[in-house]
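Right, one structure below, let's go through it.
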Amino acid sequence: MPFQDTTPKRQEWNFPLNKINPPKINPLKIHPPRDSYQRKIDYLRVSVTDRCNLRCYYCMPEEGMPMVTHNDIMRFEEIELLIRSAISIGFTKVRITGGEPLVRRGIVDLIGKINEIDGLNDLSLTTNGVLLEELAVDLKKSGINRINISLDTLKRERFKEITRIDSFDRVLKGIDAALSVGMSPVKINVVLIKGVNDDEVMDFVEMTREQHFSVRFIEFMPASQTGDWNDQKVISSSALIAKIEEKYPLTIVEEKLGAGPSVNYRVKGFKGTIGFITPVTSHFCEECNRIRVTADGKIRSCLFSDNESYILPLLREGKDIVEIGDFILKSLETKPKCHDINGVKFRSCQRSMSKIGG
Ligand code: SAM
Ligand code: SF4
């Protein structure tokens, strides 16, 4: 019988030979990286700005928010290098966030470049939707399909009270634009706060009747510098599910919808789904798969830990993809086992969500 050579051929590694930035990657390193607790970490959330065109009262003060200076903000080529490096060590999912990512000039071009990086399987965006009507077509062309739009109320006046800006109609138009350009899934993120918007739960559920929205209720977290959080304002997802079920029987959706920790249900006969994200009452740290990078270039391995690894100098000093990949791997060692929100020692983090990247 003739000898058969089963050694993988070089091209089976599937390294693009025509890229400007040839990956100096050790193929043995390509696997989802793990942290000290053996969790698979393959999801990177990148904040491209700490600025915003809204002022949600639980996230930013109305005035006087200190902003990162122009010089300290990650430049586009630095963000691209950061993401290439993360992908070279096995990250596969990237979410662009902020502040409000769509206020950053040139964001569509940046997203287009990121979308071309080999090895990226999932590129998504979180936005407040205010600028979406103008940008939806270009965002879709540049590679955004998966979009999360934050909307805490379906009442115009209340929107103005929560966000302090009168942009409710623009957000609704932005949601329509996302649907009409064919983005899918379109997720609507609702932070529920007792006494603020918890009377609208059923209206949000109704949104899923005719449209393929994924409405996700998020527990209010102690992640703000406005000092407005207290545990009385948190509505636990279990209480919420019980309340919804009084009117709409829910069935669980087994299939995983995206990279996040939501538990998803559907009302029988409704097109969309309803998700519950429970960082406070039932944390999901054991399954945490992500790290964040702030707009000023600091890796936060846990949303609630102020232990940051400053990666911006490496991105600026001409370090290569291997050195930066190694730095990201090292930063995973700082990822705590759990945030322990409900523990006695828990302290709210120093940055608000707009400065971390939600
Ligand atoms: N500006 C964009 C937006 O609003 O979608 C992206 C950044 S924003 C910080 C990301 C998400 O964090 C939003 O859905 C917002 O409602 C949520 N968020 C901010 N502060 C929060 C808190 N204390 N608890 C829960 N969610 C919060
Ligand atoms: Fe801006 Fe998003 Fe914070 Fe609201 S939640 S102030 S939209 S960053």
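Counting starts at 1 for both ligands and their atoms, following the listed order.
Glu200 and Thr153 share a donor-acceptor pair across their side chains, judged by distance under 3.5 Å alone. When only modelled atom types and interatomic distance are considered, Ser262 and Asn264 share a side-chain donor-acceptor pair under 3.5 Å. Residues Ser237 and Thr278 have side chains that never bring a donor and an acceptor to within less than 3.5 angstrom of each other.
Note: no N/O pair closer than 3.5 Å links Asn148 and ligand 1 by distance alone. An N or O contact shorter than 3.5 Å is missing between Cys52 and ligand 1 by distance. Among the atoms of Ser354, none of the N or O lies under 3.5 angstrom from an N or O of ligand 1.
Under a 4.0 Å criterion applied to the non-hydrogen atoms of Glu219, ligand 1 contributes the atoms 25 (C). Of all atoms in ligand 1, listed by their number and element, those nearer than 4.0 Å to a heavy atom of Gly99 are 1 (N), 2 (C), 6 (C), 7 (C). Applying the 4.0 Å criterion to heavy atoms of Thr97 picks out, from ligand 1, the atoms 6 (C), 7 (C). Residue Val191 approaches ligand 1 through these ligand atoms, each under 4.0 Å from one of its heavy atoms: 16 (O), 25 (C), 26 (N), 27 (C). Interface atoms of ligand 1 facing Thr126, defined by a heavy-atom separation under 4.0 Å, are 5 (O), 6 (C).
At a heavy-atom distance under 4.0 Å, only backbone atoms of Thr127 (N, CA, C or O) approach ligand 1.
Not a single heavy atom of Gly129 sits less than 4.0 Å from an atom of ligand 1. Distances shorter than 4.0 angstrom occur between a heavy atom of Met60 and an atom of ligand 2.
By the 4.5 Å heavy-atom criterion applied to side chains, Arg290 and Leu44 are not counted as neighbours. Arg95 places a side-chain heavy atom less than 4.5 Å from the side chain of Tyr43.
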* Run the side chain to side chain donor-acceptor pair (under 3.5 Å) check on Tyr310 and Asp296 step by step: do they pass? -> CA-CA 9 Å; Tyr310 195 22; Asp296 53 348; over 6 Å; no
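Nearest protein heavy-atom contact of atom 3 (Fe) of ligand 2 is Cys59 SG, 2.4 Å. Among protein heavy atoms, the minimum distance from atom 6 (S) of ligand 2 is reached at Cys56 N, 3.2 Å.
Rounding to the nearest 0.5 angstrom, the gap separating the CD atom in Glu77 from the CG atom in Leu82 is 12.5 Å.
Of the listed residues (Ser36, Ser305, Ser301), just one forms a side chain to side chain donor-acceptor pair (under 3.5 Å) with Thr334, and that residue is Ser301.
With 2.8 Å as the limit, Cys52 counts as an N, O or S neighbour of atom 1 (Fe) of ligand 2.
Open room surrounds CD on Glu63; 12 or fewer heavy atoms of other groups in view lie less than 6.0 Å from it.
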